[in-house]
Amino acid sequence: MEGSAGHSYLMNIDASFGSRRPRRVEELKWMNDTERRPTVPLPGRTGGTCGANSSDDDGEAAAIVSWVRIVVCFATMTVTTTVWAVVMVVLILWPYERIRQGNVYGHVTGRMLMWILGNPIKIEGLEFSNTKAIYVCNHASPLDIFLVMWLTPTGTVGIAKKEIVWYPLFGQLYVLANHLRIDRSKPSAAIESMKEAARALVENNLSLIIFPEGTRSKTGRLLPFKKGFVHIALQSKLPIVPMVLINTHNAWRNDSLRVRPSRLTVKFLPPIETDDWSPDKVDEHVRMVHRLFVDQLPEPQRPVSEGNDLGRISNKSQ
């Protein structure tokens with residue numbers, strides 16, 4: 001992934017990569033039995049699920065429950081990361097099998113962590129998650145990592161800054177899982193890294209998950225997109241599937257170790273074909289994808305000044 005969040009990501013390379021065309025179905029997947037259990041408004045919270053100004057349940061009991069859940073999450077992640085690191089070492093001679101096992105790790109760990117944290121989750125457009133593609137995702141919370149680990153299918157690699165190797169346990173697992181790294185020390189190195197990533201996707205029939213903002217939004221509002229994902233699409237000819245995450249910034253805020261019981265929404269949008277994209281229209285392609293996110297996000301997550309943000313996109317490098 002571009003930016004600070006380089007973790008394990010996934011995609012389906014087997015029969016789900018067949019030529020079937022995605023179907024538009026209004027099928028929603030809910031976590032935590034929300035279909036069978038009516039949602040009761042939390043005390044002190046206003047209506048709506050994405051309002052940035054909704055008040056929090058900040059009682060002492062809620063804080064203790066949140067801390068316990070976070071501790072259990074990190075303990076769980078430590079165990080699963082250690083187990084899969086051993087598996088990766090055993091499979092050191094089989095690079096694709098390591099990618100697949102990294103995806104399995106993400107499915108298991110991401111799903112468990114979201115279950116432990118207890119946030120109700122609505123998923124829309126899940127049928128589009130079985131496309132071999134470049135998945136682009138907005139990034140405003142640590143929860144985004146857990147969600148993409150869980151929801152992007154087997155056969156996908158992530159792309160992260162090369163320094164991820166120094167993250168304890170997780171960084172070593174990321175490298176063992178054969179995911180991609182980018183050298184952002186200078187523009188020419190970043191461009192070459194993107195070319196290598198595109199070649200790896202094509203040669204190994206893989207998909208990619210990437211955070212095009214290049215960093216985590218501190219406010220939850222969408223940031224300008226960097227151009228790397230477009231350059232990869234131009235070279236790989238893979239379609240782009242926007243993966244829009246809503247309200248994660250309220251559930252786990254950047255300046256807090258509290259996880260609040262906010263309802264989350266994940267939207268997979270229909271694939272955007274890139275066969276006819278042109279290198280001389282890179283900025284236009286970036287703006288088009290960025291606009292799709294702006295249109296799907298609630299007002300509290302949209303850029304404060306869309307005109308300024310969209311204008312800045314064209315000046316962004318890798």
Side-chain angles (χ1 to χ4, degrees), residues 1-14 16 31 67-117 129 132 134-135 137 139 141-185 193 196-197 199-201 203-211 215-216 243 248 252 257 259:
M1 270 175 295
E2 278 188 84
S4 60
H7 294 29
S8 179
Y9 308 104
L10 346 147
M11 185 83 241
N12 223 341
I13 196 173
D14 51 6
S16 65
M31 198 172 82
W67 273 93
V68 169
R69 285 177 169 172
I70 289 176
V71 170
V72 173
C73 276
F74 279 102
T76 300
M77 193 169 185
T78 298
V79 171
T80 59
T81 302
T82 302
V83 169
W84 260 275
V86 174
V87 172
M88 299 297 182
V89 171
V90 172
L91 298 172
I92 196 68
L93 298 178
W94 296 274
Y96 175 73
E97 187 59 29
R98 282 188 279 127
I99 292 174
R100 193 183 74 82
Q101 283 300 318
N103 297 157
V104 174
Y105 160 81
H107 288 151
V108 172
T109 304
R111 178 66 179 86
M112 287 178 64
L113 297 184
M114 293 309 302
W115 178 79
I116 292 168
L117 293 175
S129 69
K132 186 173 72 169
I134 298 170
Y135 289 80
C137 183
H139 188 25
S141 167
L143 293 180
D144 303 337
I145 304 302
F146 303 159
L147 288 169
V148 297
M149 288 169 65
W150 168 32
L151 293 173
T152 45
T154 307
T156 292
V157 290
I159 184 167
K161 59 185 180 181
K162 65 178 183 178
E163 291 81 6
I164 192 174
V165 68
W166 303 114
Y167 292 10
L169 277 180
F170 198 94
Q172 291 78 55
L173 182 64
Y174 182 91
V175 174
L176 284 171
N178 216 30
H179 290 295
L180 308 175
R181 289 176 288 164
I182 182 173
D183 183 355
R184 299 194 301 177
S185 59
S193 296
E196 292 176 2
R199 285 195 293 268
L201 296 179
E203 292 173 1
N204 297 285
N205 199 28
L206 298 171
S207 293
L208 179 72
I209 178 73
I210 189 169
F211 291 137
T215 189
R216 185 190 305 164
M243 183 178 178
T248 59
W252 191 339
L257 289 178
V259 177

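The closest side-chain heavy-atom distance from Thr109 to Thr81 is not below 4.5 Å. Looking at Ile145 and His139, their side chains come closer than 4.5 Å, going by heavy atoms from C-beta outward. Looking only at side-chain heavy atoms (C-beta outward), Asn178 and Val157 stay at 4.5 Å or farther from each other.
A search for side-chain hydrogen bond (donor to acceptor under 3.5 Å, both in side chains) contacts involving Ser141 returns nothing, not counting sequence neighbours. Legend: residues meeting side chain to side chain contact (heavy atoms under 4.5 Å, CB included) with Val108, ordered by chain and number and at least two apart, are Trp84, Val104, Met112. Residues meeting the side-chain hydrogen bond (donor to acceptor under 3.5 Å, both in side chains) test with Ser193, sequence neighbours left out: none. With sequence neighbours excluded, the residues forming a side chain to side chain contact (heavy atoms under 4.5 Å, CB included) with Val72 are Val68, Thr76, Ile116, listed by chain and number. Applying the side chain to side chain contact (heavy atoms under 4.5 Å, CB included) rule to Ala200 yields the partners Leu180, Asn204; only residues at least two apart in sequence or on another chain are considered.
The distance from atom OH of Tyr167 to atom NZ of Lys161, rounded to the nearest 0.5 Å, is 3.5 Å. Rounded to the nearest 0.5 Å, atoms CG (Leu147) and OG1 (Thr152) are 10.0 Å apart. With values rounded to the nearest 0.5 angstrom, Ile209 atom CD1 is found 12.5 Å from Met149 atom CE.
Between Val90 and Trp94, the shortest heavy-atom contact is O-CZ3, 3.8 Å.
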Give the C-alpha distance, both sets of side-chain angles, the deciding distance and a yes or no for side chain to side chain contact (heavy atoms under 4.5 Å, CB included) between Ile210 and Ile134.
CA-CA 7 Å; Ile210 189 169; Ile134 298 170; 4.1 Å; yes
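Counting only residues at least two apart or on different chains, the salt bridge (Lys or Arg N to Asp or Glu O under 4.0 Å) pairs with a member in residues 89-98 are Glu97-Arg100.
A donor-acceptor pair under 3.5 Å links the side-chain atoms of His179 to the main chain of Gly158, judged by distance alone. With Tyr105 contributing its side chain and Leu173 its backbone, the two residues share no donor-acceptor pair below 3.5 Å.
Ser129 and Tyr135 are not linked by any side-chain donor-acceptor pair at a separation below 3.5 angstrom, with hydrogens and angles left out of the test.
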